[in-house]
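Residue numbers begin at 1 in each chain, while the letters A, B, ... track the order of the sequences. Below, all heavy atoms of this structure are taken into account, side chains as well, without hydrogens, waters or symmetry copies.
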There are 4 protein chains.
Amino acid sequence: MEDLTGSCAKPQRRSIGAKRNPATEEAILGAAQEILRDKGVKGLSMEAVAKRARAGKATLYKWWPSRGALLVAVYERAKGEHVHEDKGTLIATMAAFYRYVFDFWRTAEGQVFALIIAEAQSDADVAEALERYRKERLVALAEVVDRSQARGELIEGAQAEALAETIMAAAWMRLITGRLDSDPERLAHEVLDGWMVGNR
Amino acid sequence: MEDLTGSCAKPQRRSIGAKRNPATEEAILGAAQEILRDKGVKGLSMEAVAKRARAGKATLYKWWPSRGALLVAVYERAKGEHVHEDKGTLIATMAAFYRYVFDFWRTAEGQVFALIIAEAQSDADVAEALERYRKERLVALAEVVDRSQARGELIEGAQAEALAETIMAAAWMRLITGRLDSDPERLAHEVLDGWMVGNR
Amino acid sequence: MEDLTGSCAKPQRRSIGAKRNPATEEAILGAAQEILRDKGVKGLSMEAVAKRARAGKATLYKWWPSRGALLVAVYERAKGEHVHEDKGTLIATMAAFYRYVFDFWRTAEGQVFALIIAEAQSDADVAEALERYRKERLVALAEVVDRSQARGELIEGAQAEALAETIMAAAWMRLITGRLDSDPERLAHEVLDGWMVGNR
Amino acid sequence: MEDLTGSCAKPQRRSIGAKRNPATEEAILGAAQEILRDKGVKGLSMEAVAKRARAGKATLYKWWPSRGALLVAVYERAKGEHVHEDKGTLIATMAAFYRYVFDFWRTAEGQVFALIIAEAQSDADVAEALERYRKERLVALAEVVDRSQARGELIEGAQAEALAETIMAAAWMRLITGRLDSDPERLAHEVLDGWMVGNR
DNA sequence: GACTAACCGAGACGGTACGTCTGGTCTTAAG
DNA sequence: CTTAAGACCAGACGTACCGTCTCGGTTAGTC
C-alpha cells in the first residue's frame with residue numbers, strides 16, 4: 001500500500017491577492033518537515049518540497065532563494081526555544097542543556113542543524129544565518145554563566161561569554177562528529193570543572 | 001601554441017599493466033588541487049576533475065568511490081603533519097597551534113577541511129574518515145597536554161584527553177562559523193586559563 | 001529618478017468605472033510594439049507586455065485571451081490598409097504589391113505576421129483570425145485581378161479568385177521561407193506570365 | 001483504461017561505449033512519434049519525449065539541440081520519399097501530388113510539417129533545415145515540370161523552377177491555412193491552366 | 001610468443017535536481 | 001465593474017553532475 005501524494009489531503013491553495021499567502025508558507029514548511037521524517041535529509045530537494053506542498057517551484061524560490069534558506073526556516077520552525085532551566089549549579093544546568101540539544105539533534109528535525117552547518121560551508125547566506133543564530137544562542141548561554149558567576153561558582157578569571165562559547169563548541173563538536181550519544185553529565189564536567197571554584 | 005586545458009602539458013597516460021598507475025593518481029589529485037585554486041570548492045566536481053586530469057570517470061570512481069573520498073585524499077595530500085612545537089607553556093604552545101591551523105584553513109587546500117566536515121554530515125564514509133582523523137589528531141594534542149601536566153602546569157582535576165578535545169572543539173568551532181581571524185593567543189587563554197595552576 | 005521599465009514615462013492608469021479603459025488598450029498594444037522593436041518577437045511574452053504597459057496580467061487576458069489574440073491585435077494595429085494602386089498592367093500592380101508587403105514584413109511590426117502564421121498552426125483562434133484576414137485580403141486582390149480581366153489582359157480561362165490566391169501564396173511562401181529579398185518584379189512575372197494574353 | 005508507460009515495454013538501454021547508440025536514437029524518435037499520435041503536437045515537449053523514451057534529457061539535447069531539430073528528425077523519419085508518378089499530363093501528375101501530400105499532412109506525422117514551418121519562424125536552425133528541404137523538393141518538382149515541358153505541354157515562356165515553386169506555394173498555402181480538404185484536381189487546374197499550351 | 005587480466009582514456013547513457021521562465025487563474029484594494 | 005498589482009500552481013526549459021556502463025587500446029605477467 002502506497003501513498004503517492006503525501007500524508008494528507010492537500011487542498012488547492014490560490015492567491016489571496018498581491019501579498020504573501022501564509023497558507024502557502026505553512027504548506028511548504030510542513031511538506032519539508034514531512035519529507036525530512038519520511039525520506040531523511042537526502043530527500044529534501046526543492047523539487048520534492050514543491051511537489052509535496054503542491055506549490056510552484058517559483059514560489060519556493062521567491063521566498064527561500066536557496067536550499068540553505070529553506071533549511072534554516074525549517075529549523076527555526078521546528079526548534080523550540082530552549083530555556084535554560086536553572087538546576088542549582090552550572091554543571092547541572094549545562095548537563096541538562098547538553099542532554100536537551102543532543103536529544104533534539106537526534107530527531108528528524110534536529111538533524112537539519114547539521115545540514116545547516118554543512119550548507120554554511122559553501123553558502124554565504126546560510127553562513128550568515130548560522131552566525132546570527134550562534135550569537136543569539138551565545139547570549140542566552142552567557143546569561144546562565146553570568147548568573148553562576150554571580151553566585152560565586154566560578155573562579156575569578158572566568159569570562160562569561162568566552163566560557164559560553166567553549167561550552168557551545170563542545171556540543172557542536174559532538175554533533176558534527178556524530179557523537180550525540182556522549183554522556184551529557186560527563187561532558188559538562190570535562191568542559192567546566194577547571195573553571196569552578198574549589199578545584200584549586 | 002597554448003594550453004587550453006590547464007596549467008601544464010598533460011601527456012597521455014596509458015595503462016602500465018594490471019596494476020594501479022601512480023601517475024594517474026598524481027594527475028588526478030593534482031588536477032583537483034588546481035581546480036580548488038582556480039574555481040574554488042564549488043567547482044570541484046568529479047566530472048571536472050576527470051576532465052582536467054584527462055582521466056576517465058571510471059578510473060576516478062575506481063579509486064575514490066565518492067566525492068567525499070576524493071576530498072579526503074586531497075586534504076591528506078595537502079596538509080603537512082603539524083608537529084606541536086613546545087613553546088615552554090601550554091598556552092603558548094596552543095596559541096602557536098591555533099595560529100598554524102587557522103592560517104592553513106584559510107588556504108585553498110585548507111578550505112577542503114571545512115568541505116570534508118560538511119560532506120561528513122551526509123556521507124558516512126567521509127564521516128568515518130573524519131572521525132579517524134579527529135582521533136589521530138586528538139592523540140597528538142593529548143600528548144602535548146600530558147607533557148604540560150607532567151610539568152605541573154595544570155590543576156589536579158584536568159584530564160589530558162578531555163582537555164585536548166575542548167581545545168580542538170574551539171578551533172573547529174571557529175572554522176565552521178567562519179571566524180578564522182580570531183586571535184590565537186586570546187583564544188588559547190579563553191580555553192585554558194581555568195585549567196592552569198595559579199588561577200585559584 | 002529614472003524610468004527603468006521602458007522608453008517613456010508611464011502614468012498610472014486607473015479604472016474609469018464599469019467600462020473598458022481605452023488608455024489601457026492603447027498602453028498595452030503600444031508596449032507590445034515597443035517590445036517588438038527592442039527585443040524582437042522572442043521577447044513578446046504576455047508577462048513582458050503586462051510589465052511594460054504597467055497593466056495587470058488579468059487585464060491582458062480579459063481583452064486578449066491568448067498570446068495569439070494579442071499578436072493579431074498588434075498586427076492589425078500596425079499594418080496600414082494597403083490599397084492596390086493600379087500601375088496600368090496587372091504585372092506592374094502586383095510587383096508593387098509584392099514590394100510593399102515584402103518591405104513591411106521586414107519591419108519589426110511586419111515580422112509579427114510570420115509569428116501569427118506560426119501560432120495559427122497550434123492555436124485554433126489564431127488560425128481562425130488568420131483565415132478571416134486571408135479571405136479579406138483575397139477579396140481585395142481578386143478585385144484587382146478582376147479589373148485586369150475586364151481590361152482584357154488575362155487569357156480566357158483565368159478565374160480571378162483562384163489567380164489571386166496563387167499570387168498570395170507566392171508571397172506567403174517567400175515570407176515563411178525567409179526570402180523577402182526576392183525581386184518583386186521578377187516574382188510577379190513568374191507567377192502571372194502564363195495567364196497574360198499574348199504569351200501564346 | 002490507461003497506459004502509463006507507453007505503448008510497449010521499454011528495455012533499458014545502456015551505453016555502448018564512447019559512441020552514439022543507434023537504439024537510443026530509434027527509441028527517442030519512436031517515442032516522439034507515439035506522443036504525436038496520442039497527445040498531438042501540443043504534447044510534444046522535450047520533457048515528455050525523454051520520459052517516454054526512458055532517455056535522459058541531456059541525451060536528447062546532445063543529439064537534437066532544440067525542439068525544432070527533433071521535429072525535423074521526426075518528419076524526415078516519417079515522410080516517405082514521394083516519387084512523382086507520371087500520370088501522362090502535368091495537371092494529372094500534380095493533382096496526384098497534391099492528393100498525396102494533403103493526405104500525408106493530415107496524418108499525425110504529417111502535422112509535424114506545419115509545426116516545422118511554425119518553428120522555423122523563430123528558430124534559425126529549423127529555418128535552415130526547412131530551406132534545405134524546400135530546395136530539395138523543388139528540384140524533384142522541377143524535373144517533373146521539365147519533362148512536361150519536353151513533351152510540349154507548356155507554353156514557351158514557362159520556366160520549370162519558377163513554375164515548380166508556384167505549384168509548391170499553392171500546396172503550402174493550403175497547409176498553413178488549414179485547408180487540406182481542397183480538391184487536388186481543381187487546385188492543379190487553378191495553378192497550371194494558364195501555363196498549358198492550348199489555353200490560348 | 002600467444003593469451004589473459006586488469007588498467008586506462010573516452011564518453012554515451014539514464015537519471016535527478018537545479019534555477020529560470022512563461023502561461024493562465026485568482027484575490028485584493030483602489031477607483 | 002474596471003484597473004494595477006502581483007501571488008499562486010503548473011510544468012517546460014536547458015544545464016550540470018551523478019554514478020554506471022561499454023568500448024578500444026595498452027601493458028605486465030602467465031602459460
Side-chain angles (χ1 to χ4, degrees), chain A residues 12-21 23-24 27 43 45-48 50-51 53-63 65-67, chain B residues 10 12-21 23-24 27 43 45-48 50-51 53-63 65-67, chain C residues 10 12-21 23-24 27 44-48 50-51 53-63 65-67, chain D residues 10 12-21 23-24 27 43-48 50-51 53-63 65-67:
Chain A
Q12 184 77 346
R13 284 175 316 283
R14 294 269 170 224
S15 166
I16 58 166
K19 64 182 175 191
R20 186 167 183 174
N21 186 347
T24 293
S45 64
M46 297 297 261
E47 196 100 16
K51 185 148 288 178
R54 292 182 58 87
K57 285 173 62 176
T59 305
L60 244 81
Y61 281 101
K62 182 164 190 62
W63 304 119
S66 71
R67 195 177 110 107
Chain B
K10 305 274 201 258
Q12 186 76 346
R13 287 175 313 282
R14 290 272 170 228
S15 166
I16 56 168
K19 64 182 175 190
R20 185 166 181 172
N21 186 345
T24 294
S45 64
M46 298 295 261
E47 198 99 19
K51 185 145 287 180
R54 295 182 58 86
K57 284 174 64 176
T59 306
L60 242 81
Y61 280 101
K62 182 162 191 63
W63 306 119
S66 70
R67 193 178 111 109
Chain C
K10 303 273 203 266
Q12 184 77 347
R13 283 176 315 283
R14 289 274 168 224
S15 167
I16 57 170
K19 63 183 177 190
R20 184 167 181 172
N21 186 345
T24 294
L44 196 73
S45 65
M46 298 296 262
E47 200 96 19
K51 186 144 285 178
R54 296 182 58 85
K57 283 173 66 176
T59 307
L60 244 80
Y61 280 101
K62 183 165 189 62
W63 305 120
S66 71
R67 192 176 112 107
Chain D
K10 307 278 204 244
Q12 185 76 343
R13 286 175 312 283
R14 294 264 171 234
S15 166
I16 57 168
K19 63 182 175 189
R20 185 167 184 173
N21 186 345
T24 294
L44 195 74
S45 64
M46 298 296 261
E47 196 100 18
K51 187 150 288 179
R54 294 182 57 88
K57 283 172 63 175
T59 306
L60 246 81
Y61 280 101
K62 182 163 191 64
W63 304 120
S66 69
R67 194 177 111 106

Which heavy atom of A:Ala55 sits nearest a heavy atom of A:Leu60, and at what distance?
-> CB-CD1, 4.3 Å
Examine F:dA7: is either OP1 or OP2 under 4.0 Å from a nitrogen or oxygen in the side chain of C:Lys57? Give yes or no.
-> no
Per side chain to side chain contact (heavy atoms under 4.5 Å, CB included), D:Lys57 is matched among D:Met46, D:Lys62, D:Glu47 by D:Glu47
Which pair of non-hydrogen atoms, one from A:Ala53 and one from A:Arg13, has the smallest distance, and what is that distance?
-> O-NH2, 2.9 Å
Interatomic distance, CG@B:Asn21 vs OG1@B:Thr59, rounded to 0.5 Å, equals 9.5 Å
Tell me whether the OP1 or OP2 atom of F:dC8 has a side-chain N or O from A:Thr24 closer than 4.0 Å.
-> yes
Within the structure, does a side-chain N or O atom of B:Arg14 lie under 4.0 Å from either OP1 or OP2 of E:dC7?
-> no
Does C:Ser66 put a side-chain nitrogen or oxygen below 4.0 Å from OP1 or OP2 of E:dG24?
-> no
Interatomic distance, A:Ile16 CD1 vs E:dA29 C1' [rounded to whole Å] = 13 Å
Starting from the 5' end of DNA chain E, give me the residue, A:Pro65 or B:Ala50, whose nearest nucleotide shows up first.
-> B:Ala50
Testing F:dC17, F:dA5, E:dA10 for proximity to the side chain of B:Arg54, the answer is E:dA10
So, is D:Arg13 near the phosphate of E:dG14, with a side-chain N or O under 4.0 Å from OP1 or OP2?
-> yes
Please report, rounded to the nearest Å, how far the C1' atom of E:dC18 is from the NZ atom of A:Lys51.
-> 13 Å
Starting at NZ of B:Lys19 and ending at P of F:dT26, how long is that distance when rounded to a whole Å?
-> 18 Å
Pick the nucleotide of DNA chain F nearest each of C:Ala55 and A:Ala55; which residue has the one closer to the 5' end?
-> C:Ala55
Calculate, to the nearest 0.5 Å, the distance between atoms CZ and CH2 belonging to B:Arg20 and B:Trp63 respectively.
-> 5.0 Å
The answer to which of C:Lys62 and A:Asn21 contacts DNA chain F further toward the 5' end, by nearest nucleotide, is C:Lys62
Integer-rounded Å distance: E:dT16 C1' and D:Met46 CE = 18 Å
Examine E:dC8: is either OP1 or OP2 under 4.0 Å from a nitrogen or oxygen in the side chain of B:Trp63? Give yes or no.
-> yes
For C:Ala58, which contact category applies under a 4.0 Å heavy-atom criterion: base, sugar-phosphate, or nothing?
-> base
Check whether any side-chain nitrogen or oxygen of B:Arg67 sits under 4.0 Å from OP1 or OP2 of F:dC18, and answer yes or no.
-> no
Rounded distance (Å) that lies between atom C1' of F:dT15 and atom CD of B:Glu47 | 12 Å
Name the residue closer to the 5' end of DNA chain E, choosing between D:Arg20 and B:Ala18 according to the nucleotide with the nearest heavy atom.
-> B:Ala18
Whole Å only: how far is the OH atom of C:Tyr61 from the P atom of E:dT22?
-> 11 Å
Quick one: does A:Ser15 reach the base of F:dC8 with a side-chain donor-acceptor pair under 3.5 Å?
-> no
Distance (rounded to the nearest 0.5 Å) between A:Arg67 CZ and A:Ser45 OG = 8.0 Å
Establish, with yes or no, whether the OP1 or OP2 oxygen of F:dA4 is under 4.0 angstrom from a side-chain nitrogen or oxygen of C:Thr59.
-> yes
